[in-house]
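So the structure is just underneath, and the comments pick up after that.
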Amino acid sequence: MQELVDQARAVVKKNHLRWTKQRQKMIESVARYPDRYFNIAEVDQYLRKQYPGLSHDTIYRNFKEFEKLGIVELRQQDDQMQVKYSCDSTHHHHFICDVCGRVQEIQMPPIDKEFFEKQLPGAKITGHRFELHGVCAECQAKSLQ
């Protein structure tokens with residue numbers, strides 16, 4: 001975990017941002033389990049117990065900044081924003097276990113943007129997200145026992 005925190009600190013400082021105790025705790029909260037998404041509300045509750053003056057907006061804004069820097073990944077799940085420590089800086093996709101919540105990186109063939117843009121006349125595709133959901137091998141094995 002400390003290696004991930006150190007990597008995040010280096011990125012923050014390289015981008016001329018302050019490395020505060022609060023930002024460090026934010027990174028530590030997601031670096032502890034880098035293969036899981038967490039609801040920002042849960043991280044918010046954890047952090048605000050330690051730093052009562054810290055606002056939800058500050059936490060959310062910092063996670064958005066960390067996402068721009070490639071430190072974390074954010075996603076919307078149902079009506080909640082979720083965060084996880086970033087896998088790496090290359091484009092990738094995830095398989096997410098519906099039982100344990102573990103996230104595994106998967107590779108996909110390149111998306112043909114032209115194919116989709118033909119279906120959306122006048123539109124320009126700027127990105128995409130792709131996730132597979134199911135039950136991981138470990139949870140499958142446990143269910144058979």
Side-chain angles (χ1 to χ4, degrees), residues 1-117 120 124-145:
M1 176 185 84
Q2 189 57 47
E3 182 180 334
L4 297 177
V5 173
D6 292 343
Q7 288 172 0
R9 180 184 313 124
V11 171
V12 167
K13 288 186 174 189
K14 178 182 171 188
N15 285 276
H16 309 291
L17 298 173
R18 288 182 39 228
W19 182 253
T20 64
K21 290 179 184 178
Q22 292 88 345
R23 285 180 171 167
Q24 181 171 332
K25 282 290 184 197
M26 290 177 72
I27 295 300
E28 287 174 352
S29 69
V30 294
R32 185 170 285 118
Y33 301 101
D35 63 346
R36 301 272 190 277
Y37 275 101
F38 298 94
N39 288 334
I40 286 185
E42 293 172 16
V43 178
D44 178 277
Q45 187 176 25
Y46 166 76
L47 291 168
R48 288 173 57 178
K49 283 181 182 176
Q50 296 179 38
Y51 302 100
L54 195 60
S55 74
H56 175 75
D57 288 342
T58 299
I59 292 168
Y60 182 80
R61 193 171 47 254
N62 274 281
F63 275 133
K64 289 296 279 183
E65 189 67 36
F66 292 157
E67 180 185 40
K68 288 179 193 172
L69 299 176
I71 298 170
V72 301
E73 298 175 23
L74 296 175
R75 76 177 189 145
Q76 188 75 28
Q77 178 66 28
D78 299 322
D79 63 342
Q80 297 190 343
M81 184 63 73
Q82 296 185 329
V83 62
K84 75 178 280 305
Y85 197 91
S86 187
C87 299
D88 59 29
S89 60
T90 62
H91 184 77
H92 63 280
H93 302 281
H94 294 144
F95 170 81
I96 302 170
C97 180
D98 294 332
V99 176
C100 69
R102 184 168 155 233
V103 178
Q104 295 174 273
E105 185 176 336
I106 57 174
Q107 300 300 315
M108 298 289 295
I111 299 291
D112 182 1
K113 288 192 324 184
E114 290 180 13
F115 172 80
F116 294 105
E117 286 176 345
L120 304 163
K124 179 180 179 182
I125 296 173
T126 60
H128 70 277
R129 292 183 186 255
F130 184 85
E131 295 177 346
L132 293 174
H133 293 263
V135 181
C136 71
E138 291 85 3
C139 290
Q140 286 275 42
K142 287 177 188 175
S143 72
L144 298 175
Q145 295 175 357

Any heavy-atom pair between the side chains of W19 and V5 that's under 4.5 Å?
yes
Are any of the side-chain heavy atoms of Q7 and V11 separated by less than 4.5 Å?
no
On a heavy-atom basis, the closest approach of G70 and S86 is O-CB, 3.2 Å
Looking at CD1 of I96 and CD of Q104, how far apart are the two atoms once the value is rounded to the nearest 0.5 Å?
10.5 Å
Which residue, E42, Q76, Q77, R75, forms the side chain to side chain donor-acceptor pair (under 3.5 Å) with Q82?
R75
Side-chain donor-acceptor pair under 3.5 Å between Y46 and Q50, yes or no?
yes
Rounded to the nearest 0.5 Å, what separates atom CD in Q45 from atom CG in N39?
11.0 Å
N/O donor to acceptor pairs below 3.5 angstrom from side-chain atoms of residues 30-38, sequence neighbours left out:
residue : atom : partner : partner atom : Å
Y37     : OH   : H94     : ND1          : 3.3

Taking atom CD of Q2 as the centre, report whether more than 12 heavy atoms of other residues, nucleotides or ligands fall under 6.0 Å from it.
yes
Output the distance between atom CG (D6) and atom CD (Q24), rounded to the nearest 0.5 Å.
8.5 Å
Within the 4.5 Å heavy-atom criterion, are I27 and V12 side-chain neighbours or not?
no
Is any side-chain heavy atom of H56 closer than 4.5 Å to a side-chain heavy atom of I40?
yes
How far does CG of L54 sit from CD of Q22, to the nearest 0.5 angstrom?
6.0 Å
Quick one, K21 with Y51, criterion side-chain contact (heavy atoms from CB on, under 4.5 Å). Give me CA distance, side-chain angles, the key distance, then yes/no.
CA-CA 10 Å; K21 290 179 184 178; Y51 302 100; 3.6 Å; yes
Do D112 side-chain atoms and E114 backbone N/O form a donor-acceptor pair below 3.5 Å?
yes
Separation between OG of S55 and CG of L47, rounded to the nearest 0.5 Å
11.5 Å
For residues Y85 and I71, determine if any side-chain heavy atom of one lies less than 4.5 Å from a side-chain heavy atom of the other.
yes
Going by salt bridge (charged side-chain N to carboxylate O under 4.0 Å, His left out), name the residues that satisfy it together with E28, two or more places apart in sequence or in a different chain.
K25
Find out whether C100 and E138 are in side-chain contact, i.e. whether some heavy atom of one side chain is under 4.5 Å from a heavy atom of the other.
no
Please walk me through it: do E131 and V103 pass side-chain contact (heavy atoms from CB on, under 4.5 Å)?
CA-CA 10 Å; E131 295 177 346; V103 178; over 6 Å; no
Side-chain contact test, heavy atoms from C-beta onward, threshold under 4.5 Å: evaluate it for V83 versus F66 and give yes or no.
no
Would you please test V43 and M26 for side-chain contact (heavy atoms from CB on, under 4.5 Å) and show each step?
CA-CA 8 Å; V43 178; M26 290 177 72; 5.5 Å; no
Mind checking the CD1-CD1 spacing from I125 to I111? Nearest 0.5 Å is all I need.
9.0 Å
Please find the pair of heavy atoms, one from H133 and one from F95, that lie closest to each other, and give the distance.
C-CE1, 3.8 Å
Do R23 and R9 have side chains that get closer than 4.5 Å, going by heavy atoms?
no
